[in-house]
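As the structure lists them, so they are numbered: ligands from 1, and atoms in each ligand from 1. Quick caveat: nothing in here was measured; it's all calculated off a predicted structure. All values below come from the heavy atoms of this structure, side chains included, with hydrogens, waters and symmetry mates left out.
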Amino acid sequence: MSNAQNMKEWLATSTLSEDDFIRNLHAEYTGAHALKQQITGRNTTKLWRKPENGTIKINVHGAYCRITGLGALGVVARKVKKMERTLLTQTAVSAAAATVSCHLRSATTSTLEPELLQSEEATFPFTQGPIDVSQFEGCALNLIPCLDPRLEAALEKMGISSLFPVQVAVWQETIGPGAFERDLCINSPTGSGKTLAYALPIVQKLSTRSVKCLRALVVLPTRDLALQVKEIFAAIAPAVGLSVGLAVGQSSIADEIAELIKRPKLEASMCYDPEDVTFELQSSVDILVATPGRLMDHINSTKGFTLEHLCYLVVDETDRLLRESYQSWLPTVLQLTQSNDESLFPLASLFHSSNFGSLKTIRRFGVERGFKGKSHPRLVKMVLSATLTQDPSKLAQLNLHHPLLMTTGKRRYQLPEKLESYKLICEPNLRPLYLVALLQELGEEKCIVFTSSTESTHRLCTLLNLFGDLSIKIKEYSGLQRQSLRSKTLKSFREGKVQVLVCSDAMTRGMDVEGVRTVINYDMPAYIKTYVHRAGRTARAGQAGRCFTLLHKHEVKRFKKMLLKADNDSVPHYSVSSSSIDSLHDAYNSALGKLKETVESEASRKRKIGSKFSKLSKAKATDHQKR
Ligand SMILES: Nc1ncnc2c1ncn2[C@@H]1O[C@H](COP(=O)(O)OP(=O)(O)OP(=O)(O)O)[C@@H](O)[C@H]1O
């Protein structure tokens with residue numbers, strides 16, 4: 001069976017008719033065509049033809065297949081000039097293939113030829129023409145083209161004198177010749193400077209805005225991370241008159257609303273009624289950094305909160321955020337930011353948005369996203385991670401427009417250049433001893449210890465603190481704790497008042513703490529992705545760092561195999577002297593005894609609280625029945 005037949009079969013199983021599919025490709029072509037017309041100023045409508053029988057090559061999962069009924073597109077493509085042809089083929093094919101490949105997963109794949117199924121890891125078409133960030137070099141601020149002098153001064157104030165390679169590469173695709181024409185998928189190692197890579201171009205671009213409204217939204221998975229990113233924006237945005245807001249639920253929602261929404265100025269005798277629609281509420285911020293949960297709270301219930309003027313959407317730690325649906329935050333945001341101005345693009349109404357959202361985004365060069373009644377060009381998206389997923393079905397959720405992959409080297413998993421990885425082999429029951437011996441060697445140095453769960457984080461931290469005179473301040477940092485406690489701990493760690501953080505994985509992605517030279521995996525991570533994010537808390541911004549992993553001898557083979565995925569084929573042994581282990585035995589045994597008591601007393605405290613709570617609920621229920 002030919003690929004064309006396969007595709008026809010797929011179309012038969014999908015909700016999309018062949019005509020609609022062709023129309024979508026056509027519309028994409030119209031977008032490219034309109035763009036060319038704007039750039040060249042020439043009218044080339046005569047090249048526009050309705051599709052006839054023929055074929056077009058579509059890349060699905062890295063393999064090519066042909067679809068019939070689209071020949072005219074090929075004819076048109078051959079006739080137009082080179083730039084336009086590139087736009088047509090890249091835009092139409094990549095966008096179509098993104099969606100097609102996604103649908104293929106749910107279609108009856110048994111009818112597909114083996115070549116369509118052979119690639120083990122599904123590839124997105126953009127992976128075939130990625131930009132290799134390692135080809136770029138850092139660049140002094142005064143040599144960055146078009147950089148606003150006010151931003152240059154703000155960066156210098158932060159102690160930044162040059163841009164890192166990923167920042168230069170992104171600058172080129174945004175403020176430079178790339179001109180924000182494509183959505184960017186940035187996969188660059190931990191600590192390589194991704195935050196500034198997106199913050200700087202967005203701030204520069206918004207610096208010419210005349211009316212304040214919410215134009216850029218950055219979504220992050222945790223509050224501490226959102227706070228960290230907000231601080232980067234807050235260090236540069238005010239220099240060009242922009243304000244930055246935070247929506248993370250750290251304070252009460254009322255306080256947050258007061259920060260985000262500007263209330264009207266009233267005459268002395270008037271009073272503000274939030275239900276009164278005659279008052280126009282406005283955003284107090286141009287840029288909002290948010291976690292999905294609190295973002296949804298504002299979308300659902302904050303008067304005056306709107307995404308209708310949004311120009312930029314950044315999804316940081318994309319793979320983590322896509323894994324969690326958080327009240328469907330992503331579809332909601334995408335729906336609220338969709339262009340519905342049909343006068344500009346009459347074909348827009350022909351789309352099935354759920355199936356071909358990525359084809360729907362048609363660009364207009366140089367037009368700013370505007371206000372009601374004016375044009376609404378597409379929303380620019382930037383998605384980032386140190387371990388960015390390249391699974392088409394996952395990325396398709398983001399409705400990316402002509403996505404461009406920017407990556408470092410060929411591998412998805414990259415470790416920082418100056419990271420040294422070591423393995424430390426010991427018996428499982430002696431791990432605490434080896435850990436303590438290692439911590440003693442590090443002295444006052446800042447260090448992060450990772451365990452595999454919140455429970456073991458708590459137990460290990462408790463045990464370490466029962467170890468007698470370690471003369472190191474050790475604190476727990478995990479998802480089990482209240483946010484206020486976590487933030488306090490992180491602050492002390494940043495200030496150097498705490499030297500060791502014992503962490504669970506969930507909270508540490510993206511965490512940037514200066515001076516962390518060592519990371520210790522107390523439990524071996526199960527996946528290379530986890531190793532990358534844990535180890536990435538050190539060796540940041542070009543600095544050196546070490547990552548130790550405590551292993552049982554049976555784990556060594558699996559560990560080596562895992563690190564090979566990040567191109568690391570030699571992990572040297574690290575040994576601690578047996579005399580220091582011996583000297584710790586007594587303290588360890590005594591700490592273990594105390595740990596048992598502590599755990600028991602904590603459990604009984606929890607039971608007491610639990611029974612008090614259940615008595616209270618019972619009393620309430622009886623009261624309710626009596627009434
Ligand atoms: N151009 C620069 N010059 C000097 N330092 C920089 C520069 N850009 C970023 N940094 C610093 O590098 C560190 C890492 O940056 P950032 O947190 O953005 O990395 P990242 O790539 O997002 O890492 P992760 O994947 O772990 O989130 C930060 O401390 C930041 O202040």
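Comparing Gln167, Arg540, Lys194 by heavy-atom distance to atom 17 (O) of ligand 1, the nearest is Arg540.
With Arg509 as reference, Asp319 is the one residue of Asp319, Asp316, Asp224 to meet the salt bridge (charged side-chain N to carboxylate O under 4.0 Å, His left out) rule. For the side-chain contact (heavy atoms from CB on, under 4.5 Å) test with Thr518, the passing option among Lys446, Glu441, Arg546 is Arg546; the others fail. Between Tyr522 and the options Leu460, Thr457, Val502, a side-chain contact (heavy atoms from CB on, under 4.5 Å) holds for only Leu460.
Applying the 4.0 Å criterion to heavy atoms of Arg537 picks out, from ligand 1, the atoms 26 (O). When each atom of ligand 1 is checked for a heavy atom of Ser162 under 4.0 Å away, the hits are 1 (N), 2 (C), 3 (N). Atom numbering of ligand 1 starts at 1 in the shown order; those under 4.0 Å from a heavy atom of Leu163 are 1 (N).
Between Thr190 and ligand 1, no pair of N/O atoms sits closer than 3.5 Å.
The neighbour count for Arg459 CZ, taken as heavy atoms of other residues, nucleotides or ligands under 6.0 Å away, does not exceed 12.
The protein non-hydrogen atom at the shortest distance from atom 23 (O) of ligand 1 is Gly191 N, 2.8 Å. In terms of protein heavy-atom proximity, atom 27 (O) of ligand 1 is closest to Gly510 CA, 3.2 Å. At the shortest separation from atom 12 (O) of ligand 1 among protein heavy atoms lies Ala541 CB, 3.2 Å. Among protein heavy atoms, atom 15 (O) of ligand 1 sits closest to Gly193 CA, 3.6 Å. The closest protein non-hydrogen atom to atom 6 (C) of ligand 1 is Phe164 CE1, 3.4 Å. For atom 18 (O) of ligand 1, the closest non-hydrogen atom of the protein is Thr195 OG1, 2.7 Å.
Checking Ser134 against Asp132 by side-chain atom types alone, a donor-acceptor pair falls below 3.5 Å. Judged by distance alone, the side chains of Lys212 and Ser243 do bring a donor and an acceptor atom under 3.5 Å apart. Counted by atom type alone, Glu476 and Thr489 present zero donor-acceptor pairs between their side chains at under 3.5 Å.
Contact between Ile232 and Thr195 at its shortest, heavy atoms only, is CG1-CG2, 4.0 Å. Taking each heavy atom of Arg412 and Asn187 in turn, the nearest pair found is O-ND2, 3.2 Å. In terms of heavy-atom proximity, Val248 sits nearest to Glu256 at N-OE2, 3.2 Å.
Without hydrogens or angle criteria, Lys418 side chain to Gly542 main chain gives a donor-acceptor distance under 3.5 Å.
By the 4.0 Å heavy-atom criterion, Arg509 is excluded from the residues contacting ligand 1. The shortest separation from a heavy atom of Glu317 to ligand 1 is under 4.0 Å, placing the residue in contact. The closest approach between Gly536 and ligand 1 stays at or above 4.0 Å for every heavy atom of the residue. Using 4.0 Å as the threshold, Pro189 has a heavy atom nearer than that to some atom of ligand 1. Ligand 1 has at least one atom lying under 4.0 Å from a heavy atom of Ser192.
Counting heavy atoms closer than 4.0 Å to ligand 1, residue Ser385 contributes nothing at all. With a 4.0 Å cut-off on non-hydrogen atoms, His533 does not touch ligand 1 at all. Of all the heavy atoms of Asp512, the ones lying under 4.0 Å from any atom of ligand 1 belong exclusively to the side chain.
Ring geometry for Tyr574 against Phe548 counts as perpendicular: the plane angle is over 60°, on a 0 to 90° scale with 30° as the lower cut.
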